[in-house]
Amino acid sequence: MLSESEPHFRQPLLKTPFHERARAVSQVDSFIPWAGYTTVDVFTTVEQEYFAIRNATTLYDLTPMVKYRIAGPGAMRYLNRLMTRDIAKLKPGRVAYGVWCNDGGHLIDDGTVFRLGETEYRLCTGERQLDWLLDSAVGFEVEISEVTQEIAALAVQGPTSCALLKTFGLAGVERLKPFELAHFLPPPSLGVAAIMVSRTGFTGDLGYELWMRPADAEAIWDGLMEAGHTRGIRPIGSRALNIARIEAGFLLPNFDFVSSERTLRLGTERSPLELGLGWLVDFQKGHFTGRRALLEEERRGPRRRLVGLDIEGTKPAHNALLYSDNSGKRQVGSVASATWSPTCKRNIALAMMDAPHIEPGLTVWAEIYLNRELVWERRMAQAKLVPRPFFTPERRRLTPPADC
Amino acid sequence: MGSNSSRRHDAIIVGAGHNGLVAACYLARAGLDVLVLERNTYVGGAAVSRQLYENFTYSNCSYVCSLLRTEIIRGLELPRFGLQIIPYEGGCTMMRNGDHLALYDNHDALRREIARHSKRDAEAYERYLRDMLRQCRFIKPLLLREPPDPTSFKPRDIMELLHLGKHFHGLGEERMYDTLRFWTMSCADFLDEYFESEIVKAHLAGSSIIGTALGPRSPGTAYVLLHHYMGSIDGTVGAWGFARGGMGAVTKALAASFEASGGTIRSGAPVNQVLVHNGRAIGVVLDGGEEIHAPVVVSNLDVRRTFLETMDTKDLPPDFVEQVRNFKIRGSSGKLNIALDGLPRFPAIPQGSPSTRGDMHVTDTMEMLERAYDDWKEGRWSRAPYIDMLIPSQIDPTMAPDGKHYMSVFVQYCPYRLAAGEWNAERRQAFGKTVIDTIAAHSPNFKDLILHAEIRTPWDIENEVGLTEGNIFQGELTFDQLLFNRPIPGYAQYRAPVRGMYLCGSSTHPGGGVMGAPGANAASAILRDLRKTQ
Ligand SMILES: Cc1cc2nc3c(=O)[nH]c(=O)nc-3n(C[C@H](O)[C@H](O)[C@H](O)COP(=O)(O)OP(=O)(O)OC[C@H]3O[C@@H](n4cnc5c(N)ncnc54)[C@H](O)[C@@H]3O)c2cc1C
């Protein structure tokens, strides 16, 4: 565990295997902690990085994603009891997004499950929860261990990402369908082991995620930068990615929901039904943790719901309270994530709304504070409930991608 | 009445402990003429700083300021009167095998440190903290208020409290079941629900037995654990730490705040008897015979001392007196205050680690902690005691000369009554030696640095502070003596069974520690009664 030379009380955050490369190209020295690692917030400017996601190819270091190896004859049954969706349907070589809940039907976390073989899976999540995973494993023939530090991960995302990976030397990568995974041997000149590639990502665009040995991380980073230098490849930080993920309508823990393992106050937990993830809940598949509570919630209808908003003006509605009319008297919800969408040219947000107020096309009012050279103004902006995702380009699903 | 009779006051507070002073402050601020009478020549009770060795200041009894209610600090303007609370970081348990467990403030460093001992426990620690904080949030609203139904003397039952919780604090059923578990479970069983690593459990279990004549496997100790977390929920910066200048800074600020509102403190004035006439308290008599009159008498002393020693039991209902006699107030703690010529080395702690600037311990298994308790039951001090050891002078520069250090060592367990006979100077020294040897086992240069040591047994604490048997909380914090049961079932509202007579010390809800809540609650009960009679 303590592989670093510095003791942890001096340097609490770990460095990812890409850290030296990232530091070398970071222009603004903007690092943030993420799941125990120091990671890049911004390399150059958020704007340049964002447009590289939607126009070219980007590299994003996702090593800090918490990874668990779940293996054994009972692995599938275990995951099926843990998660709300039917994992029995997930074939080897496929990936699925899913969520898991506590007994009260409250969301603990979301993540992706990779089926690596008949009896071996990998679970990638935002937060550590070995404790919960082990508690849930009682009675199953399954072994669970955290492998975060054993695997380096790099997201390669953007419209030209497939072409770039081909140039890099991953022959046949263009045949990977969304949520499919395969192993590839990078060019022998790099002297690295085979890597796993999955067609997954957090941008809602064409993109892949590369999983490799930490020792190979720098060689692969260098190889990709080399292969992409004529195609405008760019490393990106979390700020640019956040804009893309809101456009794609993806949820971020601690912004759009707080894990029910962490909440202190009552009523701050969230259920998958409230978060619009009902499609991930399979009541037909047999028992799973939280089933009874979720059935009951479905019967009576969720108390609140995550919705997409399109807000007038261009000022993002960060933390805005939502009201039923512009008098600002009756609060009906609040904004969770907000951004100006540079691609859609819309002012978008994910917001939590009280259930009785929700109907498509409804208009509410967002209370936004404007900073006019330190003179603060309050504006009530009209916000329309709109479907999510806000941006979903065709190229996201096309196999093979157009330029491959 | 008496020949020595002096001026009348609106209220007399017996004892200038922090709770007596808090009550005095609130009453004075409400416009009453208040007199505080203190037996010692200095104020503070168990929240005191004294210089017993050249240029060193000791926090002689309490040493960590973590429970003092922010509402009180703010309401009585204690910062204006000199109180500064400064945070300290971290803490650790040194292990017999030369390793250690550190508790760092930094979340990531802490996770990696616990993971060194158990990966699973590192993550279970989050769940543990969450459950502690959830419970504190439940208990907190009950602290600065009287136990259920302030106007009635009817015994309260638990259903009523749960009802109160549900309806007044919007609590869910589940959390109330958890509350019941805290009150009834042992700390060992509780920690077993979270952790697998012995060292993690042993480190955390310390808080469950501090000041408590119970072992980690005794039911009820889970609550004591929680009691010690109470200070950490406010989320305000500087809520946990040292009072700058030692714990006496708290009572010094309180005394100054009180005098600024026109109150009077007389130290060196031991109260001998509370005067009762026609079922009403009318004043007190001092040891010298001087009588002082007031329609309100408030005792800062523990229940036993108040009713059995400063009152005539004939003035009290017999069943009440019986319950007072049975009130559990057993001494189980000792304390060493040590002046050091330099900073001791602790080889188990890595160079540069902040751990020496926090609370240090040496009990590395639950078994060792339980064995320490066994010694107490048999009437001797623990041969391998649990110690809570801090070196405040690393953070507070006012405690010791530059380069020298003040060390505070709280010791659990040490009995009030020894099986071998009365406490005397020789036995006190032997107790001190056990503690010093315990520390020296983890610090090779420790003994050479000792310039002076104040050794305090429960017997000393009783005699100097007036805490019966040296019990630091003025009564055990077990469920039969908490909330509506504290101090005496049916009399849990700061009011004694004699009109005009009140209690404001740690014997009352919500209990011991330098918290101030009993004093503040008592003052509001008194003011409410006065308003009613006017
Ligand atoms: C060794 C030790 C360590 C502790 N450590 C901590 C700690 O780190 N943190 C924490 O929060 N708490 C700690 N505590 C507990 C805490 O100090 C006490 O619970 C608290 O200070 C009690 O305050 P009080 O005002 O209720 O009573 P006391 O402080 O006991 O006040 C009673 C006062 O009454 C006076 N008195 C007694 N008899 C008479 C009489 N006949 N006439 C007039 N005056 C009289 C006494 O001299 C005393 O000043 C510790 C206690 C001890 C003993």
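So you know, we letter chains A, B, ... as the sequences are listed, proteins then strands, and number each from 1.
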So which residue, B/Pro354, B/Ala124, B/Pro350, ends up with the most heavy-atom pairs under 4.5 Å with chain A?
B/Ala124

So do B/Glu126 and A/Arg128 actually touch side chain to side chain, heavy atoms under 4.5 Å?
no

Atom of B/Gln351, atom of A/Phe9 and distance for their closest heavy-atom approach
O-CZ, 3.4 Å

To the nearest 0.5 Å, what is the distance between CG (A/Asp131) and OH (B/Tyr125)?
14.0 Å

Given side chains that start at C-beta, do those of B/Glu196 and A/Leu134 come closer than 4.5 Å, heavy atoms only?
no

Verify the neighbour count for atom CD of A/Gln331: are there more than 12 heavy atoms of other residues, nucleotides or ligands below 6.0 Å?
yes

Atom CZ of B/Arg120 and atom CG of A/Leu133: how far apart are they, to the nearest 0.5 Å?
9.5 Å

Separation of B/Arg134 CZ from A/Arg265 CZ (nearest 0.5 Å)
11.5 Å

Are any non-hydrogen side-chain atoms of B/Arg112 and A/Leu14 less than 4.5 angstrom apart?
yes

If one checks every heavy atom of A/Thr263 against chain B at 4.5 Å, the contacting part turns out to be both

Once the angle between the rings of B/Tyr104 and A/His8 is folded into 0 to 90°, is it parallel (under 30°), tilted (30 to 60°) or perpendicular (over 60°)?
perpendicular

Contacting region of A/Arg10 [heavy-atom separation from chain B under 4.5 Å]:
side chain

Looking at B/Asp99, I'd like to know if its CG atom is crowded, meaning that more than 12 non-hydrogen atoms belonging to other residues, nucleotides or ligands lie closer than 6.0 Å.
yes

Closest approach of B/Asp108 and A/Pro12, non-hydrogen atoms and distance?
CB-O, 3.7 Å

Should we count CZ of A/Arg77 as having more than 12 external heavy atoms under 6.0 Å?
no

Select one option (side chain, backbone, both, neither) describing which atoms of A/Glu127 are under 4.5 Å from chain B's heavy atoms.
neither

Give the intermediate values and the outcome of side chain to side chain contact (heavy atoms under 4.5 Å, CB included) for residues A/Glu261 and B/Arg127.
CA-CA 7 Å; A/Glu261 282 287 277; B/Arg127 185 161 59 92; 3.8 Å; yes

How about B/Arg130: does its CZ atom have over 12 heavy atoms from other parts shown lying under 6.0 Å from it?
yes

Can you confirm whether more than 12 heavy atoms, excluding those of B/Arg74, are under 6.0 Å from its CZ atom?
no

Between B/Ser353, B/Ala122, B/Ser355, B/Gly352, who has the most heavy-atom pairs with chain A when the cutoff is under 4.5 Å?
B/Ser353

Under the side chain to side chain contact (heavy atoms under 4.5 Å, CB included) criterion, do B/Glu123 and A/Val66 qualify, and how do the steps go?
CA-CA 12 Å; B/Glu123 292 166 37; A/Val66 183; over 6 Å; no

